Amino acid sequence: MNVVLMEFVDAFETAHQEIAPDIELRLQIGMSRHCDIAYLENCLSHFWECKAFYSIDLYGDELAQPIENFKAIYRRVKSEGLRLKAHVGEWGKAEDVHRVVECLELDEVQHGISAAEDPSVIRFLNVRKNF
């Protein structure tokens, strides 16, 4: 077990109980699209035993690297039971939103603004649960 990570989580949980116990605390792992995949996989290896995190999110320049590069990470995260999120559709096109949702099997799209450009993408998102 990563002691530093557990101290970090414990600090959040203690502050939560002391400051705002009636508000739900959901810790999220945020990943930059600019990071090397091997680096991200190594970092994430420290999180699996912790079980304190609710979700994972991918953010940053949508063109930094192909979304397929993150597929193995998202499969692993899904197997750990975390909610899958990604920022997409802020700079790209509507079809990018569709492709990322399918490729990473997202539970949530963060922003997704460009999806509004294509009614078929809106229908696709509408059919999927939680969109």
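Everything numeric here is computed off the predicted structure, so don't read it as measured data. Side chains are part of it too, since the values below use all heavy atoms of this structure and drop only hydrogens, waters and symmetry mates. Count residues from 1 along the sequence.
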Quiz prompt | Within one Ile-Leu-Val-Met-Phe-Trp-Tyr cluster: Val100 and Tyr59, side-chain cutoff 4.5 Å | solution = no
Quiz item: So which heavy atom on Gln65 is nearest to which on Cys35, and how close?
Solution: NE2-O, 2.9 Å
Quiz prompt | Worked check of side-chain hydrogen bond (donor to acceptor under 3.5 Å, both in side chains) between His87 and Asp57 | solution = CA-CA 7 Å; His87 281 72; Asp57 191 5; 3.0 Å; yes
Self-check item: Spacing of Glu80 atom CD and Leu44 atom CG [to the nearest 0.5 Å]
Solution: 10.0 Å
Self-check item: Atom pair NE2 (His111) and CD (Glu90), whose distance is rounded to the nearest 0.5 Å
Solution: 4.5 Å
Quiz prompt | Glu117 with Lys93: basic N within carboxylate O range, under 4.0 Å | solution = no
Exercise. Please lay out, stage by stage, how Glu105 and Lys71 fare under the test side-chain contact (heavy atoms from CB on, under 4.5 Å).
Key: CA-CA 9 Å; Glu105 301 180 37; Lys71 195 170 186 171; 5.6 Å; no
Exercise. Determine the minimum heavy-atom distance between Asp118 and Ser120, stating which atoms define it.
Key: OD1-OG, 2.7 Å
Exercise. Give the minimum heavy-atom separation between Ala115 and Ala94, together with the two atoms involved.
Key: CA-CB, 4.0 Å
Quiz item: Between Glu62 and Arg33, is there a side-chain N and carboxylate O pair less than 4.0 Å apart?
Solution: no
Practice problem: Verify, without hydrogens or angle tests, whether Ser45 (side chain) and Asn42 (backbone) share a donor-acceptor contact under 3.5 angstrom. | Solution: yes
Practice problem: May I ask you to decide whether Glu24 forms a salt bridge with Arg26, counting only side-chain N to carboxylate O separations under 4.0 Å? | Solution: yes
Quiz item: Where do Phe53 and Leu82 come nearest, in terms of heavy atoms and distance?
Solution: O-CG, 3.7 Å
Self-check item: Side-chain donor or acceptor of Ser114 paired with backbone N/O of Gly92 under 3.5 Å
Solution: yes
Quiz item: What heavy-atom pair brings Leu58 and Ser32 nearest, and what distance separates the two atoms?
Solution: CD1-C, 4.3 Å
Practice problem: Report the C-alpha separation of Phe70 and Ile56 in whole Å, then their side-chain angles, then the decisive distance to 0.1 Å, and conclude whether the side-chain contact (heavy atoms from CB on, under 4.5 Å) test is met. | Solution: CA-CA 12 Å; Phe70 299 94; Ile56 192 164; over 6 Å; no
Exercise. Write down the atom of Val109, the atom of Leu106, and the distance for their closest heavy-atom approach.
Key: CG2-CD1, 4.2 Å
Self-check item: Single-linkage hydrophobic cluster Val97~Ile113, side-chain heavy atoms < 4.5 angstrom
Solution: no
Quiz item: Asp107 side chain to Leu84 main-chain N or O, any donor-acceptor pair under 3.5 Å?
Solution: yes
Exercise. Check the hydrophobic clustering (I, L, V, M, F, W, Y; side-chain heavy atoms under 4.5 Å; chains of links allowed) and say if Tyr39 and Leu5 are grouped together.
Key: yes
Exercise. Identify whether the distance between the nearest side-chain nitrogen and carboxylate oxygen of Arg76 and Glu41 falls below 4.0 Å.
Key: no
Quiz item: Under a single-linkage definition using a 4.5 Å side-chain heavy-atom cutoff for Ile, Leu, Val, Met, Phe, Trp and Tyr, are Tyr54 and Leu27 assigned to the same hydrophobic cluster?
Solution: no
Quiz item: Given Arg83 and Val77, is the side-chain contact (heavy atoms from CB on, under 4.5 Å) satisfied, shown in steps?
Solution: CA-CA 8 Å; Arg83 192 153 178 81; Val77 170; over 6 Å; no
Exercise. Enter the distance from Asp10:CG to His16:NE2 here, rounded to the nearest 0.5 Å.
Key: 14.0 Å
Quiz item: Do Tyr74 side-chain atoms and Cys103 backbone N/O form a donor-acceptor pair below 3.5 Å?
Solution: no
Quiz item: Under 4.0 Å between a Lys/Arg side-chain N and an Asp/Glu carboxylate O for Arg99 and Asp96?
Solution: yes
Quiz item: Taking a hydrophobic cluster as the set of Ile, Leu, Val, Met, Phe, Trp and Tyr residues connected by side-chain heavy atoms closer than 4.5 Å, whether directly or through intermediates, do Ile73 and Leu104 fall within one such cluster?
Solution: yes
